[in-house]
Number of protein chains: 2
Amino acid sequence: MDVYQALASPVRREILAMLRDGPKSAGELADAFDLSKPTLSGHFAVLREAGLVASEREGAKVIYHLNLSVAEEALTGLMDVLRIGRPSGKPKGETP
Amino acid sequence: MDVYQALASPVRREILAMLRDGPKSAGELADAFDLSKPTLSGHFAVLREAGLVASEREGAKVIYHLNLSVAEEALTGLMDVLRIGRPSGKPKGETP
DNA sequence: TCGGAAGTTAGGAAATTTCCAAAATAAAGC
DNA sequence: GCTTTATTTTGGAAATTTCCTAACTTCCGA
């Protein structure tokens, strides 16, 4: 699943929004939704495949955290498509 | 179809990219893809429903053009989710 | 070592998306 | 009016997405 597809689901965008404030465990994230844990686990997998989040095992828990650089790249790609301003950050091989 | 879902398809993103350079007719756009015209017409409908493009009849042709303000709003929404910089433009009820 | 807590995997149903060919609509020109 | 050009609508097949329950794995503490 590519990054734009990953961003298309409201549930996954909400997960990302929750991770803005710092890493959270799978269960902590899952509790915020009215969906089963396997369903959420699936959404985590999509975000991980897209590179938008990374996970680490910490004891019995699995901690997810945002991967800002990939997220920023996706946004930059969309901005290029629409030719509107870039997010603050390094430009990428373009003559300004 | 919502705006993020509309942006999830590579075909539709390419259509938007083509429209950056100015309005184009349905046929002109369709010719750029290796897909049938009805398929492209479907993609146009999705983009129109999402508000990302608008269309006007001009004689026998239908001209599509980008709706930058809606596109910008979508981008801003994603930036809020990820808490990274905004595209240049008016802020939206936020204390800077 | 056994039991519980935290997550993921497996299997499958329902809904949505993506695409096409055929038919229908719209406008222009003869 | 009839034909041609431009585009959309219809109907349907194949693929993908979203969600669930049940079963499994992993880790920790008693």
Side-chain angles (χ1 to χ4, degrees), chain A residues 1-19 21-67 70 74 78 81, chain B residues 1-19 21-67 70 74 78 81:
Chain A
M1 177 100 69
D2 96 305
V3 64
Y4 298 111
Q5 196 72 29
L7 288 169
S9 148
V11 171
R12 290 193 291 267
R13 286 197 304 277
E14 178 67 24
I15 292 168
L16 295 175
M18 290 179 73
L19 292 176
D21 302 327
K24 300 218 176 342
S25 73
E28 206 170 349
L29 290 166
D31 287 349
F33 297 88
D34 213 22
L35 295 169
S36 73
K37 277 177 184 175
T39 293
L40 265 293
S41 190
H43 283 299
F44 300 151
V46 169
L47 290 169
R48 207 182 320 110
E49 274 171 53
L52 286 165
V53 305
S55 60
E56 299 143 12
R57 182 127 222 154
E58 200 160 288
K61 302 188 174 182
V62 174
I63 308 295
Y64 284 94
H65 57 86
L66 207 51
N67 188 341
V70 170
L78 280 182
V81 163
Chain B
M1 178 98 70
D2 95 305
V3 64
Y4 298 111
Q5 194 72 29
L7 288 169
S9 150
V11 171
R12 290 192 291 265
R13 286 196 305 276
E14 178 66 25
I15 292 169
L16 295 175
M18 290 180 72
L19 291 177
D21 301 328
K24 298 218 179 341
S25 73
E28 206 172 349
L29 290 165
D31 287 349
F33 297 88
D34 214 22
L35 295 168
S36 72
K37 277 176 184 176
T39 293
L40 265 293
S41 189
H43 284 300
F44 300 151
V46 170
L47 290 170
R48 209 182 321 112
E49 273 171 54
L52 285 164
V53 305
S55 61
E56 299 143 11
R57 185 126 221 156
E58 199 159 287
K61 303 187 171 180
V62 173
I63 308 296
Y64 284 92
H65 58 86
L66 206 51
N67 187 343
V70 170
L78 280 182
V81 163

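To find a chain, count down the sequence lines: A is the first, B the second, and so on, and within it residues start at 1.
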_Could you tell me how far apart E56(B) (CD) and dA27(C) (P) are, to the nearest whole angstrom?_
15 Å
*How many Å lie between NE2 on H43(B) and P on dT18(C), as a whole number?*
6 Å
*For residues H43(B) and I15(B), report the shortest heavy-atom separation together with the two atoms involved.*
CB-CD1, 3.9 Å
*Can you name the one residue among V3(A), L66(A), N67(A) that meets side-chain contact (heavy atoms from CB on, under 4.5 Å) with L52(A)?*
V3(A)
*Check: Y64(A) and L47(A) side chains under 4.5 Å, non-hydrogen atoms*: no
*Think S9(B) has a side-chain N or O under 4.0 angstrom from the OP1 or OP2 of dT17(C)?*
no
_Expressed as a whole number of angstroms, how long is the span from L47(B):CG to dT7(D):C1'?_
16 Å
*Rounded distance in Å - NZ (K37(A)) to C1' (dG7(C))*: 8 Å
_Let me spell it out: for each of Q5(A) and F44(A), pick the nucleotide of DNA chain C with the closest heavy atom. Which residue's pick is nearer the 5' end?_
F44(A)
_Toward the 5' end of DNA chain D, by each residue's nearest nucleotide, A60(B) or D34(A)_ = A60(B)
*Using atom CG of L40(A) as one end and atom P of dG7(C) as the other, report the distance to the nearest whole Å.*
11 Å
*First of S25(B) and R12(A) reached from the 5' end of DNA chain D, by closest nucleotide*: S25(B)
*L35(A) has a side chain; which of dC19(D), dT18(D), dT17(C) sits nearest to it?*
dC19(D)
*Starting at CZ of R57(B) and ending at C1' of dT5(D), how long is that distance when rounded to a whole Å?*
11 Å
*Could you tell me whether the side chain of K24(B) reaches within less than 4.5 Å of the side chain of L19(B), counting heavy atoms only?*
yes
*Quick one: list whatever passes side chain to side chain contact (heavy atoms under 4.5 Å, CB included) with D2(A), sequence neighbours left out.*
Y4(A), Q5(A), R13(B)
*Given atom OH of Y64(B) and atom P of dA6(D), what is their separation to the nearest angstrom?*
15 Å
*Under 4.0 Å: is that the gap between some side-chain N or O of T39(A) and OP1 or OP2 of dC19(D)?*
no
_Which nucleotide wins on minimum distance to the side chain of S36(B), given the candidates dC20(C), dC20(D), dC19(C)?_
dC20(C)
*Tell me: OH of Y4(A) to P of dT16(D), nearest whole Å?*
21 Å
